[in-house]
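Written below as structure tokens is the structure these notes are about.
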Amino acid sequence: MNAPRLPNVTRRNLLLGTGALVVSFSLKDHAFAQESELNVPAKPPEPVAAGPKLPGSLADTPSLDAWIRIDADSSVTVYTGKAELGQGTKTSLRQIAAEELEVPPASINLITADTAITPDEGFTAGSQTVQNSGTAIRNAAAQVREILIQQASGKLQVPADQLKAQNGRIVGPDGKSIGYGEVVMTDMLHVDAQPKSKLKSPDAYEYIGKPFARVDIPAKVTGGPAYVQDMRLPGMLHARVVRPPSWFATLKDIDTASIKAMPGVVAVIRDGNFLAVAAEKEFQAVQAMRALTNLAEWEEKPRLPNEQDLPAVLQKSESEQGVVAEAGGDFTGGVKTFSAQFMRPYQMHASIGPSCSVAHLDNGTMTVWTHTQGVYPDRKAIAQMLGMPLDKVRCIHTEGSGCYGHNGADDAAGDAALIARALPGRPVKVQWMRDQEHLWEPYGPAMLTKVSASLDASGKIVNWKYDLWSNTHSARPGSAGALLPGQLMASGYPPDKPVMSITPLGNGDRNAIPLYSIPNMRVLWHFVADMPVRVSSLRGLGAYANVFSIESFMDQLAKEAGADPVEFRLKHMEDPRARKVITTAAEAFNWSSEPMPEGRGRGFAFAKYKNHAAYLALAMEIDVDKETGNIRIPRIVSAVDCGEAVAPDSIRNQTEGGIIQSLSWTMYEEVNFDNTRITSSDWSTYPILRFSAVPGSLDVHIVDNPGSPYLGVAEAAQGPTSAALANAIANATGKRLYDLPFSPARVKATLGV
Amino acid sequence: MKLNVNGSTHEVDADPATPLLYVLRNDLELNAAKFGCGLGQCGACTVMVDGKAIFSCLTPILLLEGREIKTVEGLGTIDSPGPMQQAFIEEQAAQCGYCIPGMMMRAQALLQSKPDASDAEIQTTLETNLCRCGTHMRILKAVKRARELMKTAAMAPASGERKV
Ligand code: FES
Ligand code: FES
């Protein structure tokens, strides 16, 4: 992002203003049904046409010109409904488009999620950007290239099969050529995509799979404007919200005259339990927020459960049961049965930069710059909250600090819109404070799992029962009740009713089915509809706790069977790609069962994310200090297969990041609360991993599969990392930890020192 | 009051109690130093004052008259990045990148005063700064790379082009 795009630039203006040759544009305005994290009932997509399904997001937005535009000067613009969340999307999508369009990636103008100009691709979530948007763009690009060749064939009087695209031109055998801009014609790309495209073969790739520097990094390391936090619009006010001290608190009467009289203060906004202040300068807003915080009196209600009792509370709160998987039905076999119970506490996203948004009500149109994961759903929620028609609200994705799921982004966007509505004509920036982010973002849900399985005499698993207790992992917007300001304002929209949804994508049940071949299996989700703690999606959803449980238990079973953990997994694994990833990680790590020195252990774990995305296995070596309970990690080796590796360095970067983040969750993180308030309000009360705890080395081996479909990778490491650590601790000490996190105190207590 | 930032003097019209961070970001329109916690717990706001790394979110400008303030913008530009910036680009050491400017300034302060800082010293120095994306391994690599690039830059003849 260089300069923020201005509020009055609509797609139509863009088109008129640049003399582009694409004159019309149509987006199917239907709901975004692809992400099962949604708990709003999504309208099913209208059938696009009879016949085979179009690839990726083309199925929802088939028109080629919704994805790609070529101007008279041959410049190429690519539109994606997905957002850059720090995962390198802007770079990998350019690589993909460039490959098929035969232009340098850097020359492509890429426009990301903006309700006025890009396709509706729902949420940027579930590691699906390359899978959905990338597939659409790649196919659209290939088809556009073929259209250009057809068109050039007439102009150059050369048969199409003798022409090729090259560096922005169509070139003939005799060297005759013509630029893309010269052949493109009005409405030429305003056609629906075909189900099949002429894709380049992997051996001809120039950009896909090649190391390619991220386009956004130079600006970020030199002070260029890169985030919504960096936006400054003329006349912009700074706003701060004042949140209640706890959930369910209500604001008593308040006289804000003293606050309004403070220097620079332009407005104090109260709407029910929603309270905010806007000022000319940022520090004035901060000072006014502090004064207002001191002034406000709240009626609090002690409704939080005892955090020590979470397993019991979750079980008591079960409202519904769903069968995730059932196979066989003989649970009597085997010679010995084992069981275990695992617990994951509430954990938070806790981005380094608290949520932020800019909103501007101008001439009856509300424009909101937001780091949301879904501009279209966010727009819908904001429009409902403000009682404005959809077409009077525009949401433009602008990067924020790292995004690992549904955090405070949408709420901050709602805050900004609600405040901007009271101050028409002036842009308003809302920046949350650290405690507001920690206390009010939706957390990753607490989960309890119980597993039991039997081994036969040969050490094979013959049956497997798995039960999980969990809330939904999705409370994303779509309706005003999913926005904090929507809930807090006087007209109070109720939160959407949580529904249990069991789909192949998975939610709380994501990765609850082991990929291993087990003849008799039953997996149940004990659905917890309501908990007095706000929850939604956090990177990996249920996969983190489920893989932690399954892969911990697999090690336990291996031990009972007297087998090496890697051997034991291979013995139960048929999927050849899974086997490959497991053996690659084991070999690269130099895995063995040789005894280790006192206090040192090795651990292994594997999962195929969502059971249909990236395969990831990892091994680690750790040292446990029995006196302090501290864990040191000399080395980690991982292997990942995410299909065709579009941007290998980005895959490595995201996998390293996933492993480190999961180590942080696993070793330190737990949201604490008393019976009224959340008490994890900053980095001292919610510690995360620091540099002293990073592994000595961390290797990521990519098992590439050129030509095979992309598989989402960004969340693949979360689960396996936690289990590998648990397994390594068990290997080092003979004691297993079942409850997350493995804080030094808990490690010490488990070891009985 | 007057503030010296990245080698030039700026007249700033702000309450002297204002933390430096807000003045840098708003009055001087410098983007690099970030708001992360405002509590001295994360390091996103780290800048240098007289060669030392400080949390700009906690430092009111009234303490800073006549001191030399340096931010990431003072290390180089996008067209001519300084050694620290070059190192982060080479190592592709960012995911969201939000924590990175703070990391760079803390590392810069260390390497400026101690060009031969050991790997362990680098790791210990960065302990105050948090990264949530888990970019730690690359950040360490980038700072080690910067250690080399800064030495090369220092050895280049004074009249010659800055080699980065
Ligand atoms: S913002 Fe200054 S230390 Fe966190
Ligand atoms: S790169 Fe995102 S916080 Fe460090």
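Owing to the predicted nature of the structure, the values given are computational and were not obtained by experimental measurement. So that the names make sense, note that chain A is the first sequence line, chain B the second, and so on, each numbered from 1.
- Interface residue Leu39(B): only side-chain heavy atoms are found under 4.5 Å from chain A.
- Other residues, nucleotides and ligands place more than 12 heavy atoms under 6.0 Å from the CD atom of Gln112(B).
- In this structure the side chain of Phe35(B) never reaches within 4.5 angstrom of the side chain of Glu282(A), judged on heavy atoms.
- Residue-environment remark: NZ (Lys151(B)) exceeds the threshold of 12 foreign heavy atoms within 6.0 Å.
- Residue Ser662(A): no heavy atom, backbone or side chain, is found under 4.5 Å from chain B.
- Between Tyr404(A) and Arg132(B), the closest side-chain pair of non-hydrogen atoms falls below 4.5 Å.
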side-chain hydrogen bond (donor to acceptor under 3.5 Å, both in side chains) for Glu127(B) and Ser692(A)? Distances and angles first, verdict last.
CA-CA 6 Å; Glu127(B) 185 74 356; Ser692(A) 54; 2.7 Å; yes
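- A donor-acceptor pair under 3.5 Å is absent between the side-chain atoms of Gln92(B) and the main chain of Ala213(A), judged by distance alone.
- Contact annotation for Ile659(A): neither backbone nor side-chain heavy atoms come within less than 4.5 Å of a heavy atom of chain B.
- When heavy atoms are compared at a cutoff of 4.5 Å, Glu437(A) does not approach chain B at all.
- Across Leu663(A), Asp435(A), Ile660(A), the residue that shares the most heavy-atom pairs under 4.5 angstrom with chain B is Ile660(A).
- Distance CD/Gln41(B) to CG/Asp682(A): 4.0 Å, rounded to 0.5 Å.
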Checking side chain to side chain contact (heavy atoms under 4.5 Å, CB included) for the pair Ser351(A)/Tyr98(B): CA distance, chi angles, key distance, verdict?
CA-CA 9 Å; Ser351(A) 288; Tyr98(B) 198 88; over 6 Å; no
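- Looking only at distances, no side-chain donor or acceptor of Asn653(A) sits under 3.5 Å from a matching main-chain atom of Gln95(B).
- Tested against Ser401(A), the residues Cys133(B), Cys96(B), Cys99(B) include a single side chain to side chain contact (heavy atoms under 4.5 Å, CB included) partner, Cys96(B).
- Between His136(B) and Leu698(A) there is no side-chain heavy-atom pair separated by less than 4.5 Å.
- Comparing Cys356(A), Ser664(A), Gly353(A) by how many heavy-atom pairs each has under 4.5 Å with chain B, the most go to Gly353(A).
- Taking each heavy atom of Met137(B) and Val694(A) in turn, the nearest pair found is SD-CB, 4.1 Å.
- Neither the backbone nor the side chain of His438(A) has a heavy atom closer than 4.5 Å to any heavy atom of chain B.
- With a threshold of 4.5 angstrom between heavy atoms, Leu30(B) approaches chain A through N, CA, C or O but not through any side-chain atom.
- With a 4.5 Å cut-off on non-hydrogen atoms, Thr125(B) does not touch chain A at all.
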Evaluate Ile217(A) against Phe88(B) for side chain to side chain contact (heavy atoms under 4.5 Å, CB included), listing each step before the verdict.
CA-CA 8 Å; Ile217(A) 290 183; Phe88(B) 273 74; 5.7 Å; no
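- With rounding to the nearest 0.5 Å, the separation of OG1 in Thr128(B) from CZ in Phe691(A) is 9.0 Å.
- Electrostatic pairing of Arg138(B) and Asp649(A) counts as a salt bridge here, judged by a charged N lying under 4.0 Å from a carboxylate O.
- The candidate from Leu126(B), Asn129(B), Ile89(B), Leu130(B) with the greatest count of non-hydrogen atom pairs under 4.5 Å with chain A is Leu130(B).
- Remark: Cys37(B) SG to Ile352(A) CD1 distance equals 8.5 Å, nearest 0.5 Å.
- In this structure, no portion of Met84(B) lies under 4.5 Å from any heavy atom of chain A.
- Under the 4.5 Å side-chain criterion, counting only non-hydrogen atoms from C-beta, Gln284(A) is not in contact with Asp15(B).
- Interface summary for chain A: among Pro101(B), Gly36(B), Pro19(B), the most heavy-atom pairs under 4.5 angstrom belong to Gly36(B).
- Results of the side chain to side chain contact (heavy atoms under 4.5 Å, CB included) test with Asn31(B) over Gln229(A), Arg232(A), Met231(A) single out Arg232(A) as the only residue that passes.
- In this structure, Lys34(B) and Asp230(A) have side chains that are in contact, with non-hydrogen atoms separated by less than 4.5 Å.
- The candidate with the highest count of non-hydrogen atom pairs below 4.5 Å against chain B, out of Gln287(A), Met236(A), His349(A), is His349(A).
- Closest non-hydrogen pair, Ile78(B) versus Ala219(A), comes out as CD1-N, 3.7 Å.
- A 4.5 Å side-chain heavy-atom check between Asn26(B) and Lys281(A) finds every atom pair outside the cut-off.
- For a residue to count as touching a neighbouring chain, one of its non-hydrogen atoms must lie under 4.5 Å from one of that chain's; by this rule Ala120(B) does not touch chain A.
- Proximity to chain B involves both the backbone and the side chain of Pro695(A), based on heavy atoms less than 4.5 angstrom apart.
- Of the listed residues (Val72(B), Thr135(B), Thr71(B)), the one with the most heavy-atom contacts under 4.5 Å to chain A is Val72(B).
- Test Thr18(B), Val23(B), Leu21(B) against Phe283(A) for side chain to side chain contact (heavy atoms under 4.5 Å, CB included) and you get one pass: Thr18(B).
- Heavy-atom neighbours of Arg690(A) CZ from other residues, nucleotides or ligands within 6.0 Å: above the threshold of 12.
- Contacts between Asp79(B) and chain A at a heavy-atom distance below 4.5 Å are absent for every atom of the residue.
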